[in-house]
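Heads up, the thing below is written out as structure tokens.
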Amino acid sequence: MRLGIISALAEEQQGLIDAMPDATRLTHGMREYTSGTLWHTDAVAVLSRIGKVAAAMTAATLVEKFGVTHIIFTGVAGSADFGVRVGDVVVAESLVQHDMDASPLFPRFEVPLTGLSQLPTDRELSRQLANAARRFLENEPGGAKLHCGLIGSGDQFINDGVRLAALKDALPELLAVEMEGAAVAQVCFELNVPFAVIRTISDNANEDAATDFMHFVKTVASRYAFGILRNFCHG
Ligand code: SAH
């Protein structure tokens, strides 16, 4: 296995690179790819930058140029469900591009010519990642929960309760919203690369989202990503 690890923001990946004793860096297409051994796992870590195109470009480059065989996206997201609280962790079973709408040519949310509106993650990789997250959360105070289900991605930071409610109406199973996961999902589906997405909830995608988000990424996001990936790599 050669594992590609993508995050959108530096805060979501802080510390990982320091954990690679033999790190080598290569800059390509405005991104810095760091290859090395991460807790005995051959890995390449990179910041995608924000949004679906940025994430798609990064995922494709990881596969085509850096030869990764598996991809994990780790980052933060807004909650899209009352049962999913700030500090909880969501592992995607599938992802939807919630701003995709080529109707009436294709049903709303369907990625044209794939026949799919919900792109499934790799079951085994997601199971291992969920186990790693569960073990991490067991040792954290505060009673944060792990959820597995549908994550939505779109080129929008959602900080509007009305907009979130409309989205939830169209996609009742939606657990969280972010801006990259479903783009990575499409690339990995098309290139046949197993992938998984894990997100820590930073905000409630409502009017307070921007403030909550900023505070959360600074204080919690990197610690969670680091702890969960360490458990994952140690198996
Ligand atoms: N102002 C921020 C913008 C970050 S965008 C900055 O300057 O850094 C938010 C990032 O966190 C995206 O990468 C997205 O995947 C995730 N995210 C967290 N909460 C979100 C929300 N409510 N809606 C959409 N994306 C969210």
Side-chain angles (χ1 to χ4, degrees), residues 4-14 16 30-32 45-59 62 71-92 94-100 109 119 121 129 133 144 147 149-171 173-188 195-226 228-229:
I5 303 168
I6 313 177
S7 302
L9 315 167
E11 292 88 346
E12 295 170 328
Q13 213 176 72
Q14 227 176 322
L16 275 193
M30 300 173 70
R31 286 147 180 79
E32 192 169 89
V46 58
L47 300 181
S48 60
R49 308 157 73 96
I50 298 163
K52 300 206 308 297
V53 174
M57 146 93 172
T58 310
L62 273 174
I71 290 181
I72 290 178
F73 193 108
T74 165
V76 299
S79 169
D81 192 280
F82 287 119
V84 178
R85 305 267 180 86
V86 170
D88 284 1
V89 173
V90 180
V91 171
S94 56
L95 296 110
V96 58
Q97 293 176 20
H98 69 64
D99 54 357
M100 173 61 78
F109 303 124
L119 299 148
T121 56
L129 198 53
H147 310 266
L150 181 66
I151 293 182
S153 314
D155 285 323
Q156 245 157 9
F157 182 77
I158 298 190
N159 60 347
D160 174 346
V162 175
R163 193 177 142 59
L164 180 66
L167 204 54
K168 186 73 175 167
D169 223 36
L171 295 165
E173 331 84 287
L174 198 64
L175 295 182
V177 287
E178 36 89 315
M179 301 178 69
E180 298 85 16
V184 174
Q186 186 179 342
V187 169
C188 288
F195 77 101
V197 176
I198 185 162
R199 295 276 185 173
T200 306
I201 300 301
S202 55
D203 60 85
N204 287 312
N206 60 15
E207 288 63 20
D208 302 323
T211 336
D212 295 348
F213 163 86
M214 296 283 243
H215 176 71
F216 192 88
V217 288
K218 287 211 178 80
T219 54
V220 191
S222 62
R223 202 165 55 75
Y224 270 48
F226 187 88
I228 293 170
L229 280 171

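Read the numbers this way: they start at 1 and go in the same order the structure lists the ligands and their atoms. Just so you know, these numbers use all the heavy atoms, side chains as well, and skip hydrogens, waters and symmetry mates.
- With hydrogens and angles ignored, the 3.5 Å screen pairs no side-chain donor or acceptor of Glu32 with any backbone N or O of Leu47.
- Looking only at heavy atoms of the protein, atom 25 (N) of ligand 1 is closest to Met179 CG, 3.3 Å.
- Close approach of ligand 1 to Ser202 is summarised as follows: ligand atoms under 4.0 Å from at least one heavy atom of the residue are 18 (C), 19 (N).
- Separating the CE atom in Met57 from the CZ atom in Arg49 is a distance of 9.0 Å, to the nearest 0.5 Å.
- Around atom CZ of Arg31, more than 12 heavy atoms belonging to other residues, nucleotides or ligands sit under 6.0 Å away.
- Contacts of Lys52 with ligand 1, taken as heavy-atom pairs under 4.0 Å, are absent altogether.
- When each atom of ligand 1 is checked for a heavy atom of Ile158 under 4.0 Å away, the hits are 21 (C), 22 (N), 23 (N), 24 (C).
- Distance remark: protein heavy atom not present below 4.0 angstrom from atom 7 (O) of ligand 1.
- Taking NZ of Lys168 as the start and CG of Asp81 as the end, the distance is 3.5 Å to the nearest 0.5 Å.
- For the atom pair CG of Leu229 and CG of Leu129, the computed distance is 7.0 Å after rounding to the nearest 0.5 Å.
- Checking only distances, Ala209 never comes within under 3.5 Å of ligand 1, N or O to N or O.
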- Stepwise, does the side-chain hydrogen bond (donor to acceptor under 3.5 Å, both in side chains) test hold for Ser7 with Glu12? CA-CA 6 Å; Ser7 302; Glu12 295 170 328; 4.6 Å; no
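- Comparing heavy-atom distances from atom 10 (C) of ligand 1 across Phe73, Phe216, Phe213 singles out Phe213 as nearest.
- When only non-hydrogen protein atoms are considered, atom 3 (C) of ligand 1 lies nearest to Ile50 CD1, 4.1 Å.
- Between the side chains of Ser153 and Glu178, at least one donor N or O sits under 3.5 Å from an acceptor N or O.
- Both the backbone and the side chain of Val76 come within contact range of ligand 1, each with a heavy atom under 4.0 Å.
- Contacts with ligand 1 closer than 4.0 Å are made by backbone heavy atoms (N, CA, C, O) of Gln156 only, the side chain lying farther away.
- Remark: ligand 1 atoms within the under-4.0 Å shell around heavy atoms of Ala205 are 22 (N).
- Panel note: side chain Asp155, backbone Lys52; a donor-acceptor pair is recorded below 3.5 Å.
- Within the 4.0 Å heavy-atom criterion, the part of Asp203 lying near ligand 1 is the side chain and not the backbone.
- For the pair Thr200/Phe216, a side-chain contact is recorded, criterion being any heavy-atom separation below 4.5 Å from C-beta on.
- To the nearest 0.5 Å, atom OG of residue Ser94 and atom CG of residue Leu150 are 4.5 Å apart.
- Close approach of ligand 1 to Arg199 is summarised as follows: ligand atoms under 4.0 Å from at least one heavy atom of the residue are 15 (O).
- The proximity of Ala77 to ligand 1, defined as any non-hydrogen pair under 4.0 Å, is limited to the backbone.
- Looking from atom 12 (C) of ligand 1 to the surrounding protein, the closest heavy atom is Glu180 OE2, 3.5 Å.
- Arg199 has its side chain out of reach of Val89: every pair of non-hydrogen atoms, C-beta onward, lies at least 4.5 Å apart.
- Distances below 4.0 Å separate heavy atoms of Ala8 from the following atoms of ligand 1: 13 (O).
- In terms of protein heavy atoms, atom 20 (C) of ligand 1 is closest to Phe157 CE1, 3.4 Å.
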